[in-house]
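Please read these numbers as outputs of a predicted model, since none were measured by experiment.
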Amino acid sequence: MNRPSQRTIGKAMLAIGMLSVGGGITVVVVAQTLIDQVETSVDSSLVLTTEALDLVVDSLLATSTIADTVQSAVRSTSSSLQILTESADQTALALEHSDDFLGRSLPDALDAVSKVLPTIESIAGSIDTALRTISRAPFGPDYQPDQPFDEAIADLSAAVAPLPAELRLLSGDLGGIARSTRAMSGQLAVLVRDVDQLDRQLRQVSTLLDRYVASAVEARGLASTSRRDLASSARWTRFLMTALATLFALGQIVPIWLGVRLMGGSVDRRQSTSAAHP
């Protein structure tokens, strides 16, 4: 069995060393290219993510400001409605008291006065007649009224007569207004409860928006940190790849040197053999 010559072995060792060095350089170049592509792609994604988070934070802050403004307006509305409800309750109470006075007490008193006025009118007629008789005496008082006493009482009686019915009619209208006011007060109370519920919901929304803003700001910070970490990791990966390739290439010095030595030794041996056998 023929053994390979020393020159052949030297060539093989040299070829292996050179191919290994070339492969190492190729691997480093390809790895550097891939790392650059991955870094660029991921960094672009992180940039877009940061920009999107900036928009989200701005939108959330604007929404939070709007929610705070609406909540302030709702609280003012609630306070106004509470004051209006109290005013409606007081108005309804006053109307109910007025209804009792105008519908019963005052008309009943006027009815009593109307019943007494005819008697007073009769007495006034007698007094008027007596005064006229006395005025005819030589030293009597000059009694010449523009309107006789009994006629004045009669006019008063005529003026008072329709008042009880009108007051009772007005009392019915006031009673309707009082009932409407009381109903409006109840509706206002329901509205106040609804507005208070809306205020509580807006408060919850504000709290939730604050949490969203905090989360978005934290996510934006993480994206910025990830970009820095990515750049650092890519830089260290390039360094390590270059270092490993360099060490690998340096490791091929031995095969290359050995191959060169073997090839050189084979040439020297042939020259010696040729010199010994001219």
| query | Looking at side-chain heavy atoms only, is the closest gap between Ser80 and Leu84 below 4.5 Å? | reply | no
| Cluster partners of Leu60, using ILVMFWY side-chain heavy atoms under 4.5 angstrom, listed by chain and number? | Val56, Val57, Leu61, Val205, Leu208, Leu209, Tyr212, Val213, Val217
| said: Please enumerate all residues that pass salt bridge (Lys or Arg N to Asp or Glu O under 4.0 Å) together with Asp43, with sequence neighbours excluded. | reply: Arg227
| request: Apply salt bridge (Lys or Arg N to Asp or Glu O under 4.0 Å) to Asp54 and list each qualifying residue two or more places apart in sequence or on a separate chain. | output: Arg220
| query | Taking a hydrophobic cluster as the set of Ile, Leu, Val, Met, Phe, Trp and Tyr residues connected by side-chain heavy atoms closer than 4.5 Å, whether directly or through intermediates, do Ile83 and Leu191 fall within one such cluster? | reply | no
| said: As an exercise, state the distance from CG of Leu53 to CG of Asp58, rounded to the nearest 0.5 Å. | reply: 11.0 Å
| Thr225 vs Arg228 side-chain heavy atoms within contact, under 4.5 Å | yes
| request: Flag yes if Ile66 and Val195 sit in one hydrophobic cluster, no otherwise; membership is Ile, Leu, Val, Met, Phe, Trp, Tyr, and two members link when side-chain heavy atoms are under 4.5 Å apart. | output: yes
| Can you find a pair of side-chain heavy atoms, one from Val190 and one from Gln187, that are under 4.5 Å apart? | no
| field | Gap separating the OG1 atom of Thr33 from the CD atom of Gln37, nearest 0.5 angstrom | value | 6.5 Å
| field | Arg75: salt bridge (Lys or Arg N to Asp or Glu O under 4.0 Å) partners, not counting sequence neighbours | value | Asp199
| field | Interatomic distance, Gln32 atom CD to Thr237 atom OG1 [nearest 0.5 angstrom] | value | 9.5 Å
| said: Return the CG to CG distance between Asp68 and Leu202, rounded to the nearest 0.5 Å. | reply: 9.5 Å
| field | Ser78 side chain vs Val74 backbone, donor-acceptor pair below 3.5 Å | value | no
| Rounded to the nearest 0.5 Å, what separation is found between the CG atom of Leu48 and the CD atom of Glu51? | 6.0 Å
| request: Would you please name every residue forming a salt bridge (Lys or Arg N to Asp or Glu O under 4.0 Å) with Asp36, sequence neighbours left out? | output: Arg238
| request: Output the distance between atom OG (Ser206) and atom CZ (Arg211), rounded to the nearest 0.5 Å. | output: 13.0 Å
| query | Within a reach of under 6.0 Å around CD of Gln197, are more than 12 heavy atoms found that belong to other residues, nucleotides or ligands? | reply | yes
| message | With heavy-atom distances below 4.5 Å as the criterion, would you say the side chains of Gln82 and Asp196 are in contact? | response | yes
| Apart from Leu230 itself, which Ile, Leu, Val, Met, Phe, Trp or Tyr residues share its cluster (side-chain heavy atoms under 4.5 Å, direct or through members)? | Val38, Val42, Leu46
